[in-house]
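Quick notes on the structure that follows.
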Amino acid sequence: MDLTEKREAVSPKKAAVYQAVLELFEEGADLGSLTVSEITGRAGIGKGTAYEYFSDKEEMIAKALFYNVQLFCGQIYEGLSRERDLYHKVNYILIEMERQLVKSGCILQLIHTVSDNSALGRRFRKMERKTGPGKMSINPVMNVVRQMLADELRTKEALAQEREAYLIMSVFSKILCYGMLLKDEAYRGEETRSAMRRMVCEGVCREVEEALGGK
């Protein structure tokens, strides 16, 4: 979903389901084995009520994941406008991923879900086909990177399309890999994380400079 588009209008009962899935995920629940009763019980609504909004359990979970990732990415992008340069913008994203570990975990789960062959993965891809290209999948995350780089390159000479696409993919990969490191015990300490954040930020800035130099 493009960052300029409005987010889905969410009714209180839908929002309760989305929050319930997020809380259960935070507590370590396996999303693939969650039951409708567990979700609706946490949400404080009846199963019959939930089926007025969702066709099945997989749709509840897939939409909850997407909504929470979308919300998180929108908050990050709003915060980027306060950062003065690319280095500090990337650093801001990484710190927010640390600060909101649950939402970062949702990002990783969402990306994994897109590609696996579970019932949840199949349901997610079915939703993606219905909403059309660019509406679901990992696009909320990719769009933050795309827009951040667009802001950075706005006053520069345009890059070739394939070079720009590669740059977006490369920066996205670095940020995604940092999110994966947050689950590693070796990166629980602030000193270790700070050193890794610095290397990621420097790597992104270097790659952008090289792309501009070789355009």
Side-chain angles (χ1 to χ4, degrees), residues 1-5 7 65-66 68-115 128 133-215:
M1 181 172 182
D2 192 297
L3 288 167
T4 61
E5 293 183 53
R7 286 190 286 267
L65 278 177
F66 180 74
N68 282 297
V69 170
Q70 183 189 24
L71 191 63
F72 177 52
C73 290
Q75 291 167 349
I76 284 181
Y77 186 68
E78 289 172 10
L80 288 178
S81 63
R82 298 189 290 269
E83 301 301 323
R84 63 181 183 271
D85 55 32
L86 182 60
Y87 181 100
H88 289 91
K89 287 179 180 180
V90 176
N91 191 57
Y92 173 82
I93 292 174
L94 302 183
I95 289 175
E96 281 300 295
M97 291 179 74
E98 292 178 19
R99 194 173 69 83
Q100 300 196 48
L101 282 172
V102 178
K103 297 287 183 69
S104 298
C106 281
I107 290 172
L108 300 176
Q109 182 68 44
L110 181 63
I111 292 169
H112 173 72
T113 299
V114 171
S115 58
E128 184 179 26
K135 295 294 185 182
M136 300 294 285
S137 189
I138 60 175
N139 281 323
V141 191
M142 187 73 83
N143 277 347
V144 170
V145 174
R146 181 181 290 111
Q147 194 62 56
M148 178 181 69
L149 291 176
D151 292 343
E152 180 68 17
L153 303 174
R154 197 180 306 280
T155 60
K156 310 290 194 306
E157 184 179 340
L159 293 175
Q161 185 175 354
E162 62 276 9
R163 185 178 288 274
E164 183 178 349
Y166 172 80
L167 188 60
I168 291 169
M169 181 178 65
S170 180
V171 173
F172 169 76
S173 298
K174 287 180 173 65
I175 291 172
L176 180 62
C177 286
Y178 185 80
M180 295 171 68
L181 283 179
L182 296 179
K183 301 176 71 175
D184 192 321
E185 287 286 344
Y187 292 93
R188 295 291 168 88
E190 174 53 31
E191 185 176 348
T192 310
R193 285 185 178 180
S194 180
M196 182 58 70
R197 281 200 309 270
R198 185 179 65 254
M199 287 188 281
V200 173
C201 293
E202 290 173 348
V204 169
C205 290
R206 186 165 54 247
E207 190 155 15
V208 171
E209 289 173 5
E210 290 172 355
L212 289 170
K215 62 181 179 297

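Only a predicted model underlies this, so the values are computations on that prediction, with no experimental measurement involved.
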Review point. For Glu190, does the CD atom have more than 12 heavy-atom neighbours from other residues, nucleotides or ligands under 6.0 Å away?
Key: yes
Exercise for review: Determine the minimum heavy-atom distance between Ala211 and Leu159, stating which atoms define it.
Suggested key: O-CD2, 3.6 Å
**Study point:** Atom pair SG (Cys177) and CE (Met196), whose distance is rounded to the nearest 0.5 Å
**Key:** 10.0 Å
Practice item. Calculate, to the nearest 0.5 Å, the distance between atoms NZ and CG belonging to Lys103 and Leu101 respectively. Key: 12.0 Å
Check your understanding: Any Lys/Arg nitrogen of Arg188 or Glu185 sitting under 4.0 Å from an Asp/Glu carboxylate oxygen of the other?
Key -> yes
Review point. Going from OH on Tyr178 to CD on Glu98, what distance comes out if it is rounded to the nearest 0.5 angstrom?
Key: 3.5 Å
Exercise for review: Give the minimum heavy-atom separation between Val145 and Ile168, together with the two atoms involved.
Suggested key: CG1-O, 3.7 Å
Point to revise | Atom pair CG/CG of Leu153 and Leu86 - distance to nearest 0.5 Å | key: 8.5 Å
Check your understanding: Would you say the side chain of Glu83 lies within less than 4.5 Å of the side chain of Asn91, judging by non-hydrogen atoms?
Key -> no
Exercise for review: Evaluate the side-chain proximity of Tyr77 to Asp151: yes if any heavy-atom separation is below 4.5 Å, no if none is.
Suggested key: yes
Review point. Could you walk me through whether Arg99 and Glu96 pass the salt bridge (Lys or Arg N to Asp or Glu O under 4.0 Å) check?
Key: CA-CA 5 Å; Arg99 194 173 69 83; Glu96 281 300 295; 2.8 Å; yes
Check your understanding: Going through the checks in order, is the side chain to side chain contact (heavy atoms under 4.5 Å, CB included) test met by Val102 and Asn68?
Key -> CA-CA 10 Å; Val102 178; Asn68 282 297; over 6 Å; no
Exercise for review: Report yes if some heavy atom in the side chain of Glu207 is under 4.5 Å from a heavy atom in the side chain of Tyr166; otherwise report no.
Suggested key: yes
Review point. Are any of the side-chain heavy atoms of Met97 and Arg197 separated by less than 4.5 Å?
Key: no
Review point. CD/Gln100 to CG/Leu71 distance, rounded to the nearest 0.5 angstrom?
Key: 8.5 Å
Point to revise | side chain to side chain contact (heavy atoms under 4.5 Å, CB included) partner of Lys89, chosen from Met148, Arg84, Arg82 | key: Met148
Exercise for review: Can you see which heavy atom on Ala186 is nearest to which on Thr192, and at what distance?
Suggested key: O-CG2, 3.3 Å
Check your understanding: Any side-chain heavy atom of Leu94 sitting closer than 4.5 Å to one from Cys201?
Key -> yes
Exercise for review: Start with the C-alpha distance between Ile175 and Val141, add both sets of side-chain angles, then the distance that settles side chain to side chain contact (heavy atoms under 4.5 Å, CB included), and finish with yes or no.
Suggested key: CA-CA 10 Å; Ile175 291 172; Val141 191; 5.8 Å; no
Review point. Step by step, would you call Val90 with Lys174 a side chain to side chain contact (heavy atoms under 4.5 Å, CB included)?
Key: CA-CA 10 Å; Val90 176; Lys174 287 180 173 65; over 6 Å; no
Review point. Do Arg193 and Leu181 pass the side chain to side chain contact (heavy atoms under 4.5 Å, CB included) test, and can you show the C-alpha distance, the side-chain angles, and the key distance before you say yes or no?
Key: CA-CA 9 Å; Arg193 285 185 178 180; Leu181 283 179; over 6 Å; no
Study note, to complete from the structure: Taken to the nearest 0.5 Å, the spacing of Glu152 CD from Cys205 SG works out to 7.5 Å
